Amino acid sequence: MTNTLLKVAPGGAVTTYSGPGTQNLEGLVHNRVTNKMYCLRYTSGSFTATPADVVEITTSGTSFTVTPVATTVNNIRWVSPTTSTVNNASGEMYFILVDAPTGAYSIEKYMPVSSITNVIASGAGKVIMGLRFNSNDNMLYAITAEYSAGASAVYKFVRIAPLTGAFTTLATLSFEVNNEFYSAALDPCSNRYLLSTVTGTGWTTKTVRQFNMSGAIVQSDVTVGLFQGLAVKD
């Protein structure tokens, strides 16, 4: 539970920053409007569902500090990794909260300088993964695992309206997505959503799939290892 932040330069050089204490920091996102980093912080190893803090991360030398800037409305418990995204035109950030034992979820929006978050969607029986903002249509995209009593999870590629929180199913997937071993990115230039995950028996098959914004898989590649931390440089 030692907190470490890694910065990787385009040439491959790595800078390591050590953080304070043993705390869960999830859903790291860089906000281009403020030129700062943010994430959610919640109680490490908590057996009680509690709200999370939205924290601002500041690096200095070889260490980093966290400063709480807001508290979420809903609770988080037993979930990793938390997913988040940012609208780099306005600075609005979106965080997913999940109370894993109860199946409750919420999408909460935070605007820098504010002291509160706003809930744009909430419900139960759904795990939301790989939340990404698309600057081409100002919509959110994600993968969901949806659960109902006595049935296996159904995996979907969805669009989410930031103003109303409405979900639109773009595709029902024929494969599972491991909610701990995956990574996602959105390329606004090609207007594609990229998903890296492990699938198949024993989660042994590693793939990178590319979706267009209508939900079709336009490219699928089996990879030697699992690619995590996907990001698109624009």
Side-chain angles (χ1 to χ4, degrees), residues 1-16 24-30 37 39-40 76 78-86 94-98 100 103 105 107 125-134 140-147 151-160 167 169-234:
M1 296 300 298
T2 300
N3 285 305
T4 302
L5 177 67
L6 302 177
K7 180 177 73 175
V8 184
V14 178
T15 304
T16 302
N24 276 9
L25 302 175
E26 300 269 6
L28 181 68
V29 65
H30 177 262
M37 292 182 292
C39 70
L40 290 184
I76 189 171
W78 298 358
V79 61
S80 178
T82 295
T83 181
S84 59
T85 191
V86 61
Y94 301 86
F95 296 93
I96 302 294
L97 284 82
V98 176
Y105 72 86
I107 305 175
K126 195 192 304 284
V127 175
I128 305 171
M129 300 171 277
L131 186 71
R132 294 294 178 262
F133 183 83
N134 189 342
L140 298 166
Y141 291 83
I143 302 294
T144 61
E146 302 185 13
Y147 297 86
S152 299
V154 177
Y155 297 87
K156 299 178 179 180
F157 177 49
V158 301
R159 181 175 63 236
I160 308 166
F167 284 74
T169 298
L170 302 175
T172 299
L173 307 184
S174 61
F175 56 91
E176 296 176 296
V177 179
N178 189 304
N179 65 3
E180 291 187 346
F181 299 103
Y182 81 91
S183 183
L186 198 145
D187 181 0
C189 295
S190 64
N191 212 27
R192 291 184 178 185
Y193 180 93
L194 290 78
L195 173 68
S196 170
T197 190
V198 289
T199 61
T201 303
W203 305 106
T204 54
T205 303
K206 294 86 173 175
T207 60
V208 175
R209 291 178 170 90
Q210 300 184 38
F211 298 78
N212 64 22
M213 294 299 102
S214 297
I217 297 176
V218 294
Q219 185 170 333
S220 180
D221 299 285
V222 175
T223 57
V224 174
L226 172 64
F227 292 113
Q228 292 197 275
L230 288 182
V232 174
K233 185 178 182 297
D234 57 4

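The structure displayed is predicted, hence computed values, not measured ones.
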- Where do Phe227 and Thr207 land on the side-chain contact (heavy atoms from CB on, under 4.5 Å) test, with the steps shown first? CA-CA 9 Å; Phe227 292 113; Thr207 60; over 6 Å; no
- Query: When you look at Leu6 and Thr15, which way does the side-chain contact (heavy atoms from CB on, under 4.5 Å) test go after all the steps?
  - Reply: CA-CA 6 Å; Leu6 302 177; Thr15 304; over 6 Å; no
- Message: Is it the case that the side chains of Asn191 and Asn212 hold a donor-acceptor pair, with the cut-off being a distance below 3.5 Å and no angle test?
- Response: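 No.
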- Query: Regarding Glu176 and Asn178, is there a side-chain donor-to-acceptor distance under 3.5 Å anywhere?
  - Reply: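 Note: Glu176 and Asn178 side chains miss the donor-acceptor criterion.
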Check: [Y] and [X] side chains under 4.5 Å, non-hydrogen atoms:
{"X": "Asn179", "Y": "Ile143", "answer": "no"}
{"X": "Leu195", "Y": "Leu230", "answer": "no"}
{"X": "Arg132", "Y": "Thr83", "answer": "yes"}
{"X": "Gln219", "Y": "Ile217", "answer": "no"}
{"X": "Leu226", "Y": "Ser196", "answer": "yes"}
{"X": "Val86", "Y": "His30", "answer": "no"}
{"X": "Thr169", "Y": "Thr144", "answer": "no"}

- Message: So does Tyr182 get a backbone contact from the side chain of Thr197, meaning a donor-acceptor N/O pair under 3.5 Å?
- Response: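 Side chain of Thr197 to backbone of Tyr182, a donor-acceptor pair under 3.5 Å: no, none is there.
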- Query: Any cation-pi pair here, Lys156 with Phe167, using under 6.0 Å and within 45°?
  - Reply: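 Not satisfied by the 6.0 Å and 45° rule.
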Working to the nearest 0.5 Å, report the span between [atom1] of [X] and [atom2] of [Y].
{"X": "Leu186", "Y": "Phe133", "atom1": "CG", "atom2": "CZ", "result": "10.0 Å"}
{"X": "Phe175", "Y": "Thr205", "atom1": "CZ", "atom2": "OG1", "result": "12.0 Å"}
{"X": "Phe95", "Y": "Thr82", "atom1": "CZ", "atom2": "OG1", "result": "9.5 Å"}

- Message: Using the ring centroid of each side chain, check whether Tyr141 and Tyr193 are separated by less than 6.0 Å.
- Response: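 Ring centroids of Tyr141 and Tyr193 are no less than 6.0 Å from each other.
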- Please lay out, stage by stage, how Leu5 and Leu28 fare under the test side-chain contact (heavy atoms from CB on, under 4.5 Å). CA-CA 10 Å; Leu5 177 67; Leu28 181 68; 3.7 Å; yes
- Task: Tell me, with the steps shown, if Ser190 and Arg192 meet side chain to side chain donor-acceptor pair (under 3.5 Å).
- Result: CA-CA 5 Å; Ser190 64; Arg192 291 184 178 185; 4.6 Å; no
- Should Tyr105 and Ile128 be marked as a side-chain contact (heavy atoms from CB on, under 4.5 Å) after you check the CA-CA gap, both sets of side-chain angles, and the distance that decides it? CA-CA 8 Å; Tyr105 72 86; Ile128 305 171; 3.7 Å; yes
- Query: Between Val29, Leu140, Ile160, which is the residue that forms a side chain to side chain contact (heavy atoms under 4.5 Å, CB included) with Tyr94?
  - Reply: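 Of the listed residues Val29, Leu140, Ile160, the side chain to side chain contact (heavy atoms under 4.5 Å, CB included) partner of Tyr94 is Leu140.
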- Item | Lys206 to Val198 - nearest heavy-atom pair and separation |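 Distance-wise, the nearest heavy atoms are CG-CG1, 3.7 Å.
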